[in-house]
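Here is the structure we will look at.
Residue numbers begin at 1 in each chain, while the letters A, B, ... track the order of the sequences. Since the model is a prediction, treat every value here as computed from it, not as a measurement. Atom set for the values below is all heavy atoms of this structure, side chains included, hydrogens, waters and symmetry mates excluded.
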There are 2 protein chains.
Amino acid sequence: MLRQAFFSVNAQSVKQVETSAQVSGSQGKSQGRRTTIYDIAELAGTSPSAVSAILNGSWKKRRIAETTAQRVIDIAEAEGYARNLQASALRSDRSNVIGMIMPKYDNRYFGAIAEQFEAKARARGLFPVITCTERDPELEVAAAREMIGYRVDCIIATGATDPDRITRTAAAAGIRTLNLDLPGREAPSVISDNYNGARELALLLLDRIGPASGPLLFVGGRGTDHNTAERIRGVRDAHEARGLALPESHVLTCGYASDKAQSALDTLAFDVPEALFVNSTISLEGVVRWMRSNGQTLPFGCFDWDPFAALLEENVGMVKQDVTALVSTIFDRLDEPSGEADVIQIPCILCTE
Amino acid sequence: MLRQAFFSVNAQSVKQVETSAQVSGSQGKSQGRRTTIYDIAELAGTSPSAVSAILNGSWKKRRIAETTAQRVIDIAEAEGYARNLQASALRSDRSNVIGMIMPKYDNRYFGAIAEQFEAKARARGLFPVITCTERDPELEVAAAREMIGYRVDCIIATGATDPDRITRTAAAAGIRTLNLDLPGREAPSVISDNYNGARELALLLLDRIGPASGPLLFVGGRGTDHNTAERIRGVRDAHEARGLALPESHVLTCGYASDKAQSALDTLAFDVPEALFVNSTISLEGVVRWMRSNGQTLPFGCFDWDPFAALLEENVGMVKQDVTALVSTIFDRLDEPSGEADVIQIPCILCTE
DNA sequence: CTGAAAGCGCTTACAG
DNA sequence: CTGAAAGCGCTTACAG
């Protein structure tokens, strides 16, 4: 670990830092109180009420003189005024913060959801706040409680293990909840059409390996979660459509961690089938690692898309969830009046490469 | 798009939703005011001050009767009380929120930083808040301003285009700033040792293609950003160490988007060199797409690691940045007294597979 | 040892 | 049309 003055490693600029330390040191606390609307009111020769209205944009209805408004805005700028949004939220009972709870950031699906959620939230004038809870049910409610404490306007529970618990906790504080990716019974949900996505991908795989070839091996996910259950149902129906059966032994719901998938394959009690249906890119990491270390090159399909996994030679197809539609639909549901606790399903896109 | 009652698609559970709509409707607003410390004080027959102390944990120093404390805690629980953290922060001038600004969520490096940042923040009793700014300098300061408005205790600017602007904006409100991944001159920074990581990877590539083979092609990144400049310097020095020169024409700093990398290769004015040094997994996406559509299989090395890209046949090596060390070092710097604006560099890990 | 009171920085009906 | 005043839900010195 190297420790050095700024850019000193860089041959291009050996210049030393001069002001920085003092600057950051002298600002803030030592400079005394932060500027408030009272300071600005005094400076501008008007009332705090007027300043408040001008600075939060509600002044058009207040018929405040254009010149006063401009003066106040200029002074605020010059003073480096930053409205205290906590105080504002406390008083007005609207935080303008929208929270999202997310399991992980380790795949493109959740990453894309996070980015689009933030963009859409900002477009509505809301401040987006995301927190990731590692698929841990306790952490999920703890994070929800925290967001409730900060009085967010709404919580979107993405891929939550127990969305209904979050909904009930939030409801007790008068805060709405919406479910994304994994459905709940007590709040509106938007999820992918897992059944049809999985069914199409399974048909593609079965037709690739040919009619005489046995059943697929399903790898990954939690047997208890709604999406995995639906995908298994889709895979099973695809088998049936081709006159095959999917035995229980061929369904390895070993969880989402990649090691789990790898060791599930290592300890398989029978010959590995001719093609694999992998239930997430995370599980796929373990599957491909297992193939590489066992000299196998089995065709696979994966529910969820990743740009590099798509380029692997064994890849037959990937199901890409329609993040744009998912996120925009969840924002539409924010506007629904009462909030029927039904679920909207969004079709997936099958990417064959 | 299907819209349906919960689970009605699912053959396993056709049960209809009964209570949900009413439950979420009757809670909150319609139920009247949310519970406050005054309500609880009345219920418990004690003072709001005592309730406040008990519920925020400061009561040990206040020698409050064990029984009173327990009674208050039970009542709070029963009433579904959620402390208003805004009010608490406003009064105590400590929000206990720590903010992070992040460019994107579309690669494993930033995803891992986000997860570890959150874990470490929670371990310190801080509420982590991340917001992603799409490499847009204006959005970066806008997001910083927003966080300042909510009076976060500290902002960590990760991979920021103009960290110093964020530092100055925050300093005006008395809020500290720390830089991660990309350094600034006006706040403490923690970054990867880009020079040595790039140099080692370039040596690996050069030795792979052999002594007679020409220079590498450097693809991706912004010429203006510190990390890219350092990596180019490392690649250049590696060439020199092998008695080669890296011509300017072989440095394609075409930005971070994958399309940019692809079209930079498409419009290359000379024959493509024998191996590529790719300056991020995002650029690598475009590079590999270009190779696939041009029937090329050039060995590449990439600065940044991705589990699937690592398995591509053309991959020679990937530089994995040490996220654990980066994040724990940035939290160490949070504890430093004044805040020297120097930069600490963390060595990278070269993954050859 | 405990509670009453002031005040954090805003917003917003309300009276002038 | 504008400003004084009350109050959002807490915390914390301070007096009893």
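With hydrogens and angles left out, the side-chain atoms of B/S328 and B/R333 include no donor and acceptor closer than 3.5 Å.
Phosphate proximity of C/dC10 to A/N56: absent, as no side-chain N or O sits under 4.0 Å from OP1 or OP2. Proximity of B/S52 to the phosphate of D/dT11: a side-chain N or O atom is located under 4.0 Å from OP1 or OP2. Within the 4.0 Å cut-off from OP1 or OP2 of D/dC8, not a single side-chain nitrogen or oxygen of A/S92 is found. Between A/S88 and C/dT11 there is a side-chain polar atom (N or O) within less than 4.0 angstrom of OP1 or OP2.
Sorted by first then second residue, the salt bridge (Lys or Arg N to Asp or Glu O under 4.0 Å) pairs that include residues 125-138 of chain B, not counting sequence neighbours, are B/K104-B/E134, B/E138-B/R165. Applying the ring pair (Phe, Tyr, Trp, His ring centres under 6.0 Å) rule to pairs touching residues 124-180 of chain A yields A/F127-B/Y150, A/Y150-B/F127, sequence neighbours excluded.
The distance from atom CG of B/L55 to atom P of D/dT12 is 14 Å, rounded to the nearest whole Å. In this structure, B/R94 atom CZ and D/dT12 atom C1' are separated by 16 Å, rounded to whole Å. Rounded to a whole Å, the CD1 atom of A/I54 is 15 Å from the P atom of C/dT12. Nucleotide D/dG9 holds its P atom 16 Å from the CD1 atom of A/I148, rounded to whole Å. The CZ atom of B/R34 sits 10 Å away from the P atom of D/dC10 (whole-angstrom rounding). Atom OH of B/Y150 is separated from atom P of C/dC10 by 13 Å (rounded to the nearest Å). Look at CD1 on B/I37: it is 16 Å from P on D/dG7, rounded to the nearest Å. Straight-line distance from the CD atom of B/Q86 to the C1' atom of C/dT11: 13 Å, rounded to whole Å.
A/R124 pairs by the side-chain hydrogen bond (donor to acceptor under 3.5 Å, both in side chains) definition with A/D335, not counting sequence neighbours. Looking at residues two or more places apart in sequence or on another chain, you find no side-chain hydrogen bond (donor to acceptor under 3.5 Å, both in side chains) involving B/E146. Take B/Y109 and apply the ring pair (Phe, Tyr, Trp, His ring centres under 6.0 Å) test, not counting sequence neighbours, and it matches no residue. By the side-chain hydrogen bond (donor to acceptor under 3.5 Å, both in side chains) test, B/D153 pairs with B/R94, B/S95, sequence neighbours left out.
Pairing analysis of DNA chain D (Watson-Crick: purine N1 to pyrimidine N3 plus N6-O4 or O6-N4; G-U wobble: N1-O2 and O6-N3; both under 3.5 Å) yields stems of 3 or more pairs at C:1-3 with D:14-16, C:5-12 with D:5-12, C:14-16 with D:1-3.
A/S49 contributes a side-chain N or O that forms a donor-acceptor pair with the base of D/dA4 under 3.5 Å.
Of the residues in residues 71-84 of chain B, none has a non-hydrogen atom less than 4.0 angstrom from any atom of DNA chain C.
A pairwise comparison of heavy atoms in B/I40 and B/V51 identifies CG2-CG1, 3.9 Å as the closest pair.
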Can you give each donor-acceptor pair under 3.5 Å made by side-chain atoms of residues 65-83 of chain A, sequence neighbours left out, with the distance rounded to 0.1 Å?
residue : atom : partner : partner atom : Å
A/R71   : NH1  : A/A44   : O            : 2.3
A/R83   : NH1  : A/S88   : OG           : 3.4

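Take the nearest nucleotide of DNA chain C for B/T46 and for B/A87: the residue whose nucleotide is more 5' is B/T46.
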